[in-house]
Amino acid sequence: MAASQAQALVPGLQVHDADAAGDAAALDRLAHWAQRHYAPVCAADGPDGLAIDATGAAHLKGGEAGFLADLEARLAAAGIRARAVMAPTYGTAHAVARFAPDLSIVAEGGIGRTIGDLPLAALRLPDALLPALSRLGFQTILDLERQPRGPLTLRFGPEIGRRLDQAYGRSFEPITAVIDQTLPRAERLFADPIGAPETLARYVAELVTDLCLALERDGLGARRLDLHCQRVDHRLETVRVATARPLRDRRRLTRLLCDRIETIAPGFGIERMTLIASIVDPLDWRAAPSGLGEAEAPDVSGLIDVLANRIGRDRLYRLTAVESDVPERSVRRTAPLAPDSATAPGSTATWASDWPRPARLFRPPEPVQTLALLPDNPPTHFTWRGVRRRIRRADGPERIHGEWARSDAELWAVRDYFQVEDEAGERFWLFRAGDGEDARTGPQTWFIHGKFG
Amino acid sequence: MRYAELQCASHFSFLRGASSCEELFGQAAACGIEALAITDRNSLAGIVRAHEAARANGVRLVVGCHLQLTDDTNLLVYPTDRPAYSRLCRLLSIGKRRGGKGRCRLDWEDVAGHAEGQMAILVPDRADGTTRRALERTAEIFGPQAHLGLTLRRRPRDQMRLHDLSRLAEETGVSTVVTHDVLYHHPDRRILQDVVTCIREGCTLDALGFRRERSADRHLKRAAEMHRLFAAYPDALARTLEIADRCRFSLDELSYQYPDEVSEPGLSPQQTLARLTWEGAAARYPDGLPDKVRRSLEHELRLIGELGYAPYFLTVHSIVRFARSQDILCQGRGSAANSAVCYVLGITAIDPERNDLLFERFVSQERREPPDIDVDFEHERREVVIQWIFETYGRNHAALCATVIRYRSRGALRDVGKALGLSEDLIKTLSSQVWSYSSEGVQDSHVEELNLNLEDRRLRLALDLSRQLIGFPRHLSQHPGGFVLTRDRLDDLVPIEPAAMNDRQVIEWDKDDIDALKFMKVDVLALGMLSCMKRGLDLLAEHKDITLDLATIPAEDPKTYAMIRRADTLGTFQIESRAQMAMLPRIRPRTFYDLVIEVAIVRPGPIQGDMVHPYLRRREGREPVVYPTPELEKVLGKTLGVPLFQEQAMRVAIECAGFTASEADQLRRAMATFKVTGGVSHFRDKLIDGMVARGYAADFAERTFSQLEGFGSYGFPESHAASFALIAYASSWLKCHHPDVFCAALLNAQPMGFYAPAQIVRDAQDHGVEVRPVCINFSRWDCTLEADTRGDRLAIRLGFRMVRGLANAAAARLVAARSERPFGSVDEAWRRARVPVQDLVRLAEADAFRPALGLERREALWAIRALRDEPLPLFAAAATDDGEPVSEVSEPAPSLRAMAPGRQVVEDYTHTGLTLRDHPLTFLRDELQNRHVMTCAEATGMRDRRLTRVAGLVLVRQKPGSAKGVMFITIEDETGVANLVIWPRLYEEQRRVVLAASMLIVDGRVQREGEVIHIVATRLHDGSDLLASVGEGGEAFPLPHGRGDEVHHGSLPDPRGGPPRNPRARDIFIPDLEATVIQPRTRDFR
């Protein structure tokens, strides 16, 4: 069904793009979970399946039927609607789970009876083969099984034979178990529980040293560190620090962690400390300056890490230009080290140097009382926050149109900006809402939007 | 306060300017601007329209151009006189040739070489080094004619910028001039301008950023306002007028000369023409020249001599003579083409002795317009003629007209939707709701029907803006065949650019522009039916030993007319459409002239003018034929007192209301656009007063006027109708006497006509022609004729061209390889013909191995699947040794499921577009009977006004402009066809079913009109799902659509010269009208 058709059927439908990578990752996590709970050999069978080698594992859950019921019930509890099938070969189980809704256990020796009538799509063949086979009139697995193997292989390659043999149990198909991805980690166990901050700091340094060695082996740098301190009373104290860019610097990592030691409550003592690099990235080395007078680019990432870990990452930002003529929309917050972003690829949004903008914008603009000649003369004076200022010099108008694509209110809106200087030499940025001629463009009232200097 | 605006882009600065010339000049007049320069970017494409708009609004046009040089310098240039204008045209031609299609590359050297006589304004950015260098360069090239533009941008430090610029100009010794850099006529257009910028940049509005036009206020301002804004620069203001005054060049100065035809030495063109005429006359009438013809020849030659049109006739004659020498079928058309001179010169096949055709439009001496001859050629070989014209007249003297490609509903919606960031999917759904070439836009009701939320702001904006965008020019394309030929260099008159197609070049102006300037134009058009006739006549000569051409096909054949009266005209020229078929039993043609009327009457003009029914009543003798005056009888005698042709409308104005011929012509043109300009009332008064003064009753005059009004531009000239009727007759004759030949020729000339091959084949089978399937051993590329044992007819063997996706080269290799002996197996065909396996697959899918080898589709595909890319060398060697190929493998026979019959039919449709097996509906008949559905044959056999329910495949959907919104649908089942009539209300209610269903189940009422039976639908049901079940695969049925199906093929501008169905997006200048009646419009209405 096309998305627009669905939108037509369900008013207010939210549409999201498919996330194949995310789905695959989630399926992988599910395979890990199954491996812990059901059988030692489990694998994700993308895009929608889980393969479990239940040999010698079923009796733990009350036989084959019990095993399947337990699996389905647990998955259902997690909000996953699943269908589980037990069969002598994985090929048959795969086919039956997807194409034979009434069957859940296929007995030894019952394969032929069960899958002969299933459609070819059940056979795990490459997508390109299916239309070719259906064009020749092959519909069920039995149609293929009955054909002489030679001519079939000549025309379609060995894949059909292999899949048939796997399904019928004539050849062995191993299931490769998922492996837990090991993150770099370092651990210390203490015979006597520790608690003094100095002691903690010392061991943190040791852990960081170990971890850095592990990171160095893989050419990685840490983006996030988790320090787990297990107390004698089995409570877990956790510290998490993050860095602006991949880092393997012992001193800096130690310092980041030690800054946070005060947040750890040691209670009756800590018996185990584990340091895990929970996010890692390849470490990019930059070439050292050549020494020919080339200035080294200042690296402020250390400062940023220190500040961000103190005051919070979301409170630290810098400003970047946005391609918009509306002053309050021409800036945007961005991460301290993010590259200069531009709204459009290839465009270089910067603030034009010859179009002065005040350093401070008032948000929202404050109304002022003025006297000005229509349509486009600057005001002669204005009163702001109770102070009346006579204007000596002015530049303008700079005409800025509303961004009509945003809302109806902005369809015709116009602001005429003036940079004005009062008798004391102070400079202000005033605008009139409206172009001074057409009532649609605004109420023709005046505001102050910023102050220069 | 006086002011002239010197920098203004029209929407011919494609996707940059946002107003038409008409709007700009209308606004300029309202703003009190004295002269307006249209300066489109590297182009003069809009200048003719500007010229007309300028005259209509009383604002002088300054011809100009905005040159954007390769170093991004912007320079405005204005030719002061004709030679300077020619230099500008050449300059642009050079840049366009260098830049390729749609681009222009010019640098300072080019400008310097063509600068003489031009005024120039440099458009500066800031007063910096770049500007200084550019300004010095400009001053160096143009001397005192160089200027620096002062433009307010409404940006910070504007006044400082102007001050710096004027200081810079002073230092360089260049004078300044005020411009306003106008992009649209009214402030409201700003939004649309943003949208076209997005379209140009290919991005969405949110991503547009600073690529939008950053200086504000780009609309035309009042002269007084300009004076207020530039009060500090009075000299620069005054200079606008100075420059406008210096640039006195007007397009009226462009004089056109006919190309020199190679005449006989010592003879003038007129003498040459006379000699050729009398020679031709002797050849045409071997038994002696009839007096009547001699008289018309003398009369016409005299007239041609007086008007100096001889070179034009010679040009057309030499083109036609060339085509004949290459054995390319052609036929002249148009007023001048149906003259006796053209007949004896062989330009047309309409015998002036048999047909008393009007020559009046051509005779009109006052108009001094070049005569009009279009020549239709076989569409497949027209390129030969075109290239010959380029070579003969030289590429500096011949070029094609441009066609302005304008936005229509779907295109506008697509581009605006994209710019506003609507999803691709949503845009597609929306555009499925409109007729592909309509200009009405997507209506709110359509959106509601789709259950989409109209409150959604973006959606609503997209709909509104796309409606506004309709009619905007998008780019220039080439006209299908309108040639401009000149004696002097063509690039002295107009810039020329290379076309997208190789070896072609196009001028910047379109057909109407050429018309407006009264240039000569020869239309070298392509006509599919001529290709078909050519093929048919060749087949006739080859297989039946009958040699004929268009002029020698037996005339006035009663059997042919009998067939036409039965409306058995599927596949013939012009009279095959639903509306024409419905009219045939009422007109009941018995002579050639009846056909001429038939061709002309089913047109929007006569129908809107309500002339069809009076004519039919008079023809059937139910209404007396009366003429209020003898003059009227003279004009309307042939058409029983009802004006049907355009010529007659003009004649009525001349004879009965005392119009001069040129006034009558203006009347015709005014009517073409009366809804737009409202200027027709002037003529209305004149016509009615004139008629009353000549003693006609006032109400009769009123009625006559409203009749003529209906014509507008839809009126169909008799001369065109006659040319079409001739081809219609010729094709009908072929269909009547040789349906086998006709069907083969028609299939080979596809795509053309209204119907798809499936219907053409079915029709031939109904006429007793045997049609044989595509066969690997007997088919050739084209469909061929084979001996039929059953009777005197020949059987048609479908050719490889019917096989979807089969390469012509592969088919040729197959035919060449089997000439020695036929193929015995798939393997052998592959080995001997060495065609790619992919092509064999296509043949197998089309079931081409069954007739000769007995291999069903699946068996053939199974065999092909075993083939490798190359034969194994050892086996290949073995094959060449003893001549017999050796099979590479011997293998057990496969056990393949037989294909279900319904599936076979679907496969036939998918891969050849037709089936020779059972009709798809045969497989559904049981199910349909359960639903109380009758067959088409049963339904059309019922009595008038009976209720019925029928079902069928949708063949053709048409909504003729002539039928006031009524839609005709033809459906087909295994017993025949049924013709549905859908009233507009039902159409609106069930729009989705009508537009999307491939099979319809229809409740309706039988309506009998003589022999023509319609079913007036009351309720439609979508049978597409049912139809899909025939193939048992669940996919949609691969129903082919004929070109007559307007839902799929749209109503493109008809190259056969049919009435334009799209709005004419321009005003016509009428000198007698007050300038005030033409209001600036926001967009064009139909």
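Scope of the values below: all heavy atoms of this structure, side chains included, with no hydrogens, waters or symmetry mates. None of these values were measured; they are calculated from a predicted model.
Among B:Leu461, B:Asp194, B:Thr204, B:Asp188, the residue making the largest number of heavy-atom pairs under 4.5 Å with chain A is B:Asp188. Per-residue counts of heavy-atom pairs under 4.5 Å with chain A were compared for B:Leu205, B:Asp158, B:Leu426; the largest is that of B:Leu205. Most heavy-atom pairs under 4.5 Å with chain A, from the set B:Ala898, B:Ala216, B:Pro187: that is B:Ala216. The candidate from A:Gln139, A:Gln419, A:Glu403 with the greatest count of non-hydrogen atom pairs under 4.5 Å with chain B is A:Gln139.
Between B:Arg190 and A:Trp404 there is a side-chain heavy-atom pair separated by less than 4.5 Å. You'll find the side chain of B:Asp206 stays beyond 4.5 Å of the side chain of A:Glu323, heavy atoms only. A heavy-atom distance below 4.5 Å is found between the side chains of B:Arg157 and A:Pro356.
A 6.0 Å sphere centred on CZ of A:Arg329 holds more than 12 heavy atoms belonging to other residues, nucleotides or ligands.
Heavy atoms of A:Tyr417 lying under 4.5 Å from chain B are absent altogether. Only the side chain of B:Leu420 comes within less than 4.5 Å of a heavy atom of chain A; its backbone N, CA, C and O stay farther away. Heavy atoms of B:Ile864 lying under 4.5 Å from chain A are absent altogether. Contact of B:Ala863 with chain A is made through the backbone alone, with heavy-atom distances under 4.5 Å. For B:Arg228, the part sitting under 4.5 Å from any heavy atom of chain A is the side chain, from C-beta outward, and nothing else. With a 4.5 angstrom heavy-atom cutoff, B:Leu465 touches chain A only via side-chain atoms. Proximity to chain A (any heavy atom under 4.5 Å) is shown, for B:Arg161, by neither the backbone nor the side chain. For A:Arg146, no part lies near chain B; criterion is any non-hydrogen pair under 4.5 Å. With a 4.5 Å cut-off on non-hydrogen atoms, A:Pro148 touches chain B through its side chain but not through its backbone. For a residue to count as touching a neighbouring chain, one of its non-hydrogen atoms must lie under 4.5 Å from one of that chain's; by this rule B:Arg458 touches chain A with the side chain only. Heavy atoms of B:Glu845 lying under 4.5 Å from chain A belong exclusively to its side chain. Interface residue B:Asp217: backbone and side-chain heavy atoms are both found under 4.5 Å from chain A.
In terms of heavy-atom proximity, A:Pro151 sits nearest to B:Trp862 at CB-CZ2, 3.7 Å.
Remark: side-chain polar atoms of A:Arg135 are not paired, donor with acceptor, to backbone N or O of B:Arg858 under 3.5 angstrom. The main-chain N or O of B:Arg154 is never found under 3.5 Å from a side-chain atom of A:Glu398 such that the two would form a donor-acceptor pair. Under the 3.5 Å distance criterion, the side-chain polar atoms of B:Arg457 are matched with a main-chain donor or acceptor of A:Ala405.
Taken from CG in A:Leu152 to CZ in B:Arg865, the straight-line distance is 10.0 Å, to the nearest 0.5 Å. B:Arg214 CZ to A:Asp325 CG: the interatomic distance, rounded to the nearest 0.5 Å, is 4.5 Å. We find the CD-NZ distance between A:Glu437 and B:Lys221 to be 6.5 Å, quoted to the nearest 0.5 Å. Atom CG in A:Leu136 sits 8.5 Å away from atom CE in B:Met899 (nearest 0.5 Å).
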### Task
Test salt bridge (charged side-chain N to carboxylate O under 4.0 Å, His left out) on B:Arg897 and A:Asp143 and set out the steps.
CA-CA 9 Å; B:Arg897 275 174 199 250; A:Asp143 285 347; 2.8 Å; yes
